[in-house]
Amino acid sequence: MTETPATTVDDCRIINLEHHPHSYGTLTVAQNSNALPFAIKRIYYIYDIPTNSTRGGHSHFTEQCILTAVGGCFDVSVFDGKNKKTFTLKRPFEGLYIPPGIWRTMENFSSGCIVLVLSSIKFDEKDYVRDMDHFTELKQNTFDKHL
Ligand code: T46
């Protein structure tokens with residue numbers, strides 16, 4: 001692929017997942033419905049994360065995803081080629097929606113942190129941009145086109 005969408009960090013947002021708090025515990029649900037911006041095709045989770053790890057460091061051509069801290073907390077920084085924003089995820093019902101064309105980096109993982117990810121596509125390495133220079137060049141071309 002040679003183009004990336006004209007998305008910006010302002011398109012990244014917190015989505016509150018349906019959750020049911022009770023005296024005997026809280027249950028959170030993620031299911032395909034109008035409450036989500038895409039249909040879920042894949043779920044994966046990341047755990048056993050050393051607290052000083054940095055993960056991510058890439059963008060996607062087409063994938064949309066929602067990241068949630070189902071245990072512990074961590075920070076996600078998003079970058080659109082011009083601007084950067086950082087979100088702290090610490091509640092199991094709060095998901096960060098990231099559209100395609102956004103570079104993401106995850107760090108400051110708490111001990112025992114578990115990251116759950118809902119994804120709009122099946123795994124495809126060709127959907128990744130893992131080189132920052134390539135990413136900024138793609139975004140610059142997109143922004144130039146939309147001037
Ligand atoms: C993202 C952030 C939030 C697979 O084989 N299948 C999969 O579905 C995934 C997601 C990964 N992998 C392999 C590819 C690598 O060899 O698992 C290894 C670790 O993946 P990666 O280094 O991409 O992990 P993160 O935590 O940097 O990024 C992941 C997702 O890849 C990415 O799309 O947005 O979580």
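We count ligands from 1, going down the list as the structure has it; atoms in each ligand are counted the same way.
Looking at atom 33 (O) of ligand 1, its nearest protein heavy atom turns out to be H60 NE2, 2.7 Å. The protein atom (non-hydrogen) at minimum distance from atom 14 (C) of ligand 1 is F123 CZ, 3.9 Å. Summary of contacts: the protein heavy atom closest to atom 15 (C) of ligand 1 is R130 NH2, 4.9 Å. The single protein non-hydrogen atom nearest to atom 34 (O) of ligand 1 is R104 NH1, 2.7 Å, given as residue, atom name and distance. Scanning the protein for heavy atoms near atom 31 (O) of ligand 1, the closest one is Y128 OH, 2.5 Å. Of all protein heavy atoms, the one closest to atom 28 (O) of ligand 1 is H58 CE1, 3.2 Å. Regarding atom 30 (C) of ligand 1, its nearest protein heavy-atom neighbour is Y44 OH, 3.0 Å.
Against a heavy-atom cut-off of under 4.0 Å, M106 is close to the following atoms of ligand 1: 2 (C), 3 (C), 26 (O), 35 (O). If you number the atoms of ligand 1 from 1 as listed, the ones under 4.0 Å from a heavy atom of I46 come out as 26 (O), 35 (O).
Scanning for ring-ring contact (aromatic ring centres under 6.0 Å, His included) contacts around Y47 gives Y45, with sequence neighbours left out.
By the 30° and 60° cut-offs, the orientation of the rings of F74 relative to F109 is parallel.
Close N/O approach between G56 and ligand 1 is found [any backbone or side-chain N/O within under 3.5 Å].
Per-atom contact check: atom 18 (C) of ligand 1 does not touch the protein, criterion being a heavy-atom distance below 4.0 Å.
Considering each of R42, E125, K122, R55, the one bringing a non-hydrogen atom nearest atom 25 (P) of ligand 1 is R55.
The line from SG of C65 to CG of L96 is 7.5 Å long, rounded to the nearest 0.5 Å.
Applying the salt bridge (charged side-chain N to carboxylate O under 4.0 Å, His left out) test to pairs two or more places apart or on separate chains, those with a residue in residues 80-90 are D10-K85.
When all heavy atoms of I66 and G95 are compared, the pair lying nearest together is CG2-CA, 3.6 Å.
Side-chain atoms of S33 come within 3.5 Å of backbone atoms of A35 as a donor-acceptor pair (strictly under, hydrogens ignored).
In summary, R42 and E63 engage in a salt bridge, as defined by a charged side-chain N under 4.0 Å from a carboxylate O.
Side-chain contact of T86 with S77: a donor-acceptor pair under 3.5 Å is present, judged by distance alone.
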